[in-house]
Amino acid sequence: MEEAQRQRAVEALGVLDTPPDERVDRVARLAQEMFDVPMVSVTLLDNDRQFRMSEIGLGSREAPRRDAFCDLAIREPDTMVVEDATAVPSLAANPFVAGDPHLRFYAGHPLKAPGGEPVGTLCILDTRPRSLDARQRELLRELALWVQSELTHTREREGAASIQRAVLSAPAPKATGWSFASAARPAGALLGDMHDWHTRGETVRFTLADVMGKGAGPAMIAAGLRGSLRTAPDRSVLEAVEEADELLSEVIGETHTFVTAVHAQLSMATGDLTIVDAGHSLSFVLRSDDTWEPVRSTGLPLGTGFLEPRAPVDLRLNPGDVFLVCSDGLLDVLDEDDPFGHVLRTLRDREPTGAALEAVRLARDRDAPDDVTVMIIRRDA
């Protein structure tokens with residue numbers, strides 16, 4: 001393939017020299033956790049430089065393209081793995097091996113533009129020799145396809161007039177001592193984010209899911225996921241997610257479509273909250289003393305086909321505490337320097353319903369290119 005054609009494809013993505021994208025950063029963090037490596041990069045090759053859309057452990061978002069391992073990886077049809085660069089005569093004197101960061105291990109899978117042009121890589125790196133088995137190579141490939149879909153999605157969001165997604169959601173519960181709220185705004189005619197409330201006695205189960213992609217297909221997947229999680233309500237939230245993951249992997253495993261989701265159960269009697277996070281990582285707790293903390297998770301998204309064991313996260317909401325979970329569409333309209341500050345500060349002054357509507361107002365006023373969904377729970381003081 002001609003370099004000029006490849007370069008045009010990189011530029012057409014419209015992501016060179018853009019600020020860090022939380023969607024891509026999430027995949028990089030997940031890759032670091034899954035492979036236990038000190039360095040990860042989502043790299044685009046631009047003329048004579050590497051532009052890192054996301055990087056962990058490398059310390060810079062830009063580096064020379066000359067001698068770059070990624071420049072070799074994009075020429076390969078599949079994952080390129082270098083177990084020990086010092087043992088490869090053509091790489092031993094490479095400046096990235098002989099000098100900083102003293103690479104030994106490299107594994108990178110090509111990222112392709114919608115036209116099939118290789119534009120960059122998702123790569124994992126280490127300063128000690130390593131190897132990848134067949135299953136690990138497939139997992140890196142799946143993560144690269146996730147990044148690739150996000151790059152395409154970004155391009156389509158900028159040029160699309162509407163995004164068609166659809167799924168229904170139940171109204172927020174009403175209970176003494178608690179305030180529940182949710183709001184959603186579709187970017188186009190239909191909503192693809194799925195959020196759901198389900199009350200049984202003193203417990204509330206709720207779900208927020210975001211299906212990768214656009215159109216009626218993702219909307220159907222979201223609707224099916226809602227139905228799966230609602231069946232057999234006596235299951236634990238962990239069992240419900242694991243069974244939904246198995247079902248989705250069978251149905252959509254070959255389509256490279258993933259679903260990030262949060263499925264949780266709240267005991268209104270105690271304030272105990274059990275959360276299972278499937279690659280979503282957009283949940284937060286605002287404590288009554290105005291401190292806030294993200295609820296981190298390393299679980300894989302649903303539908304990947306890798307049925308990794310998951311561990312629920314347990315926490316307690318005390319009087320005055322607030323729990324918030326949102327879809328990644330909200331990231332498009334929040335202030336870059338204070339991404340969640342605006343919405344969280346609103347919680348101090350308004351009821352959860354007002355705060356949720358404020359997020360939707362931001363999405364409308366700032367013409368959010370993606371669906372925006374917010375769910376909020378407050379234990380009243």
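Being a predicted model, the structure only gives us computed values, none of them experimental.
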Quick check: does any side chain N or O of [X] sit under 3.5 Å from a backbone N or O of [Y], one acting as donor and the other as acceptor?
| X | Y | value |
| --- | --- | --- |
| E242 | E239 | no |
| W146 | V27 | no |
| S228 | G224 | no |

State plainly whether the residues [X] and [Y] are in salt-bridge range, i.e. N to O under 4.0 Å.
| X | Y | answer |
| --- | --- | --- |
| D196 | R230 | yes |
| E3 | R65 | yes |
| R200 | D234 | yes |
| E138 | R141 | yes |
| R379 | D321 | no |

*Keeping to residues at least two apart or across chains, list the side-chain hydrogen bond (donor to acceptor under 3.5 Å, both in side chains) pairs with something in residues 82-94.*
D84-T86
Looking at every non-hydrogen atom in both residues, tell me the closest pair between [X] and [Y] and how far apart they are.
| X | Y | value |
| --- | --- | --- |
| T43 | L111 | O-CD1, 4.4 Å |
| A98 | A93 | CB-O, 4.4 Å |
| G279 | T260 | O-CG2, 3.5 Å |
| P319 | S288 | O-CB, 3.8 Å |

So how far is it from [X] [atom1] to [Y] [atom2], rounded to the nearest 0.5 Å?
| X | Y | atom1 | atom2 | answer |
| --- | --- | --- | --- | --- |
| E2 | E117 | CD | CD | 11.5 Å |
| L286 | T291 | CG | OG1 | 7.5 Å |
| I74 | H109 | CD1 | NE2 | 13.0 Å |
| I124 | M34 | CD1 | CE | 11.5 Å |
| L122 | C70 | CG | SG | 9.0 Å |
| L302 | H263 | CG | NE2 | 10.5 Å |

Cut-off 3.5 Å, no hydrogens considered: what does the side-chain donor-acceptor table look like for residues 54-63, sequence neighbours left out?
from: S54; atom 1: OG; to: D25; atom 2: OD1; distance (Å): 2.7
from: E55; atom 1: OE1; to: L58; atom 2: N; distance (Å): 3.0
from: E55; atom 1: OE1; to: G59; atom 2: N; distance (Å): 3.1
from: S60; atom 1: OG; to: E62; atom 2: N; distance (Å): 3.2
from: S60; atom 1: OG; to: E62; atom 2: O; distance (Å): 2.8
from: R61; atom 1: NE; to: R52; atom 2: O; distance (Å): 3.2
from: R61; atom 1: NH1; to: T18; atom 2: O; distance (Å): 3.0
from: R61; atom 1: NH2; to: T18; atom 2: O; distance (Å): 3.2
from: R61; atom 1: NH2; to: R52; atom 2: O; distance (Å): 3.3
from: R61; atom 1: NH2; to: M53; atom 2: O; distance (Å): 3.2
from: E62; atom 1: OE1; to: R49; atom 2: NH1; distance (Å): 2.9

*Could you list the residues that satisfy ring pair (Phe, Tyr, Trp, His ring centres under 6.0 Å) with F206, not counting sequence neighbours?*
W197, F323
*Could you tell me which residues satisfy side-chain contact (heavy atoms from CB on, under 4.5 Å) with P110, sequence neighbours excluded, listed by chain and number?*
none
_Once side-chain contact (heavy atoms from CB on, under 4.5 Å) is applied, do any residues pair with R135, and if so which ones, sequence neighbours excluded?_
D133, F306, E308
*Hydrophobic cluster membership, L44 vs L140, 4.5 Å side-chain cutoff*: yes
*So if you build clusters from Ile, Leu, Val, Met, Phe, Trp, Tyr with side-chain heavy-atom gaps below 4.5 Å, do V37 and V82 land together?*
no
List for me each residue that meets salt bridge (charged side-chain N to carboxylate O under 4.0 Å, His left out) alongside [X], sequence neighbours excluded, and say none if there are none.
| X | result |
| --- | --- |
| E293 | R287 |
| D67 | none |
| D328 | R23, R26 |

*Other residues, nucleotides, ligands: >12 heavy atoms within 6.0 Å of E246 CD*: no
*For the residue pair H195 and T373, confirm or rule out a side-chain donor-acceptor distance under 3.5 Å.*
no
_No-hydrogen, no-angle side-chain donor-acceptor test under 3.5 Å, D210 and S327_ = no
Side chain proximity check, [X] to [Y], heavy atoms < 4.5 angstrom:
| X | Y | answer |
| --- | --- | --- |
| V322 | I376 | yes |
| Q265 | V204 | no |
| V262 | V276 | no |
| H280 | V325 | yes |
| V295 | I275 | yes |
| V119 | L13 | yes |
| F105 | L125 | no |
| L248 | L225 | yes |

*Selection residues 258-274 - residue pairs positive for salt bridge (charged side-chain N to carboxylate O under 4.0 Å, His left out), sequence neighbours left out*: D272-R316
*salt bridge (charged side-chain N to carboxylate O under 4.0 Å, His left out) partners of residues 87-97, not counting sequence neighbours, each pair once*: none
*Please assess T127 against H102 for the test side-chain hydrogen bond (donor to acceptor under 3.5 Å, both in side chains), listing each intermediate value before the final yes or no.*
CA-CA 6 Å; T127 56; H102 300 285; over 6 Å; no
*Results of side chain to side chain donor-acceptor pair (under 3.5 Å) for R310 - residues two or more places apart only*: D245
_Pairs satisfying ring pair (Phe, Tyr, Trp, His ring centres under 6.0 Å), at least one member in residues 40-82, at least two apart_ = F69-Y106
*Verdict with supporting geometry, E22 and R29, salt bridge (charged side-chain N to carboxylate O under 4.0 Å, His left out)*: CA-CA 10 Å; E22 176 62 18; R29 290 196 300 266; 2.7 Å; yes
